[in-house]
Amino acid sequence: MPGTVLGRSGWPPTLGQRVHWHWNYWWQAHLLDSLVDAQLREPAEDRARLINRFVTTVHRRNFGSWVNDYYDDIAWLGLALQRVRQLQLSTVDEATINQAIEAIDKRLHEGWTNDLGGGIWWRRGDSFKNTPANGPAAIFHARVGDQDRARAMTQWLTDTLVDPETGLVWDGIRADTGEVVKHIFSYCQGVYLGACLEQQWWEDAARTIRAVEQHGAPGGILPGSEGGDGGLFSAILARYLALAAKTLPKTEAETAKKLVQKSAEACWNGATQEKTGPLFSAEWARPAPNPPGKAEKDLSVQIGGWMLLEAAATL
């Protein structure tokens with residue numbers, strides 16, 4: 001469609017990926033966030049227009065809607081659009097962004113229930129409440145000015161899903177059985193850290209950074225993934241570690257800085273050079289395979305490497 005642009009989900013792209021048959025909504029939200037990072041670092045008129053086209057295309061590809069059934073997905077797009085609006089980084093119509101943010105805000109509020117003590121569901125009609133949805137939603141609410149909902153959501157995470165022994169943040173809890181799903185993902189550490197920073201809960205933020213250093217970053221490098229959605233997990237953590245390094249009034253700010261910088265150095269040094277630029281490894285602690293592996297062909301993995309480097313560039 002003329003005048004539109006999205007990131008292709010794979011490289012080299014298949015026919016289905018060329019026409020965006022499968023819609024990786026939240027990958028595209030992080031791609032938009034990375035475009036914002038680049039525009040902040042090195043403003044360019046061409047990129048401003050690109051951001052405009054990108055925002056418009058997301059709406060069109062999503063069949064004329066800004067939201068879907070996954071609360072984590074829409075929170076990520078909302079966060080990216082908040083930054084576009086706040087920083088005035090593109091030529092996109094402000095009324096359009098306002099409309100999008102309002103639609104996302106309304107949908108996120110609909111997800112809150114008193115089941116399990118509060119929080120929002122992972123998706124509409126689900127029985128699972130998790131950190132991947134509540135973390136970015138708390139950040140979104142704080143930045144839109146809804147401090148009461150942001151605090152309630154962050155407190156629910158603290159009371160329900162923070163391991164009292166390690167300080168790590170668990171994945172989620174099931175309403176039908178009460179089971180706490182204790183999987184440990186770098187994604188969860190990142191969004192909880194981000195929510196704490198927005199509330200200025202410095203002690204909780206510092207505890208999370210210590211937990212990541214001790215239990216979640218072998219050799220001081222954030223963990224990789226096997227591609228897919230996991231390709232974004234540690235990049236999300238890196239984004240909020242970089243923010244902590246600049247805002248946290250604690251000694252853990254230096255720890256956060258070191259984790260981001262060491263991971264970025266490993267990522268950059270381990271990349272292979274293709275004709276169009278670097279191709280990042282899915283596992284930052286080791287070089288990218290040549291030829292690229294299945295994971296390295298995922299857009300999520302490549303955005304993840306880009307996000308990490310942009311986070312490091314702010315330090």
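Along the sequence shown, residues are numbered consecutively beginning with 1.
R85 places no side-chain N or O within donor-acceptor distance of the main-chain N or O of N98, the cut-off being under 3.5 Å. Distance alone, capped at 3.5 Å, is enough to place a donor-acceptor pair between the T314 side chain and the A311 backbone. Formation of a donor-acceptor pair under 3.5 Å by the R61 side chain with backbone atoms of H20 is found in this model. In this structure, the side chain of W156 engages the main chain of L116 through a donor-acceptor pair within 3.5 Å. A donor-acceptor pair under 3.5 Å links the side-chain atoms of K129 to the main chain of G118, judged by distance alone.
Two residues are said to be in side-chain contact when any heavy atoms from C-beta on lie closer than 4.5 Å; F185 and L237 fail this criterion. With a 4.5 Å cut-off on side-chain heavy atoms, D33 and R83 count as touching. The shortest distance between side-chain heavy atoms of R149 and M153 falls below 4.5 Å. Side-chain atoms of S34 and W306, non-hydrogen and from C-beta on, do get closer than 4.5 Å to each other. Under the 4.5 Å side-chain criterion, counting only non-hydrogen atoms from C-beta, L6 is not in contact with W27. You'll find the side chain of C188 reaches within 4.5 Å of the side chain of D171, heavy atoms only. A 4.5 Å side-chain heavy-atom check between V67 and K106 finds every atom pair outside the cut-off. Contact of the I209 side chain with the L248 side chain is registered, since non-hydrogen atoms from C-beta on lie closer than 4.5 Å.
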- prompt: When you look at R239 and E310, which way does the salt bridge (charged side-chain N to carboxylate O under 4.0 Å, His left out) test go after all the steps?
  reply: CA-CA 8 Å; R239 177 180 293 281; E310 293 287 2; over 6 Å; no
message: Would E213 and R210 count as a salt bridge (charged side-chain N to carboxylate O under 4.0 Å, His left out) here? Give the steps.
response: CA-CA 5 Å; E213 180 189 31; R210 292 194 300 270; over 6 Å; no
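Under the side-chain contact (heavy atoms from CB on, under 4.5 Å) rule, T131 has a single partner from V181, L157, D72, which is L157.
In this pair, F233 and W26 present their aromatic rings tilted. The plane angle is within the 30 to 60° band.
Judged by the 6.0 Å distance and 45° axis criteria, K297 is not positioned over the aromatic ring of W11.
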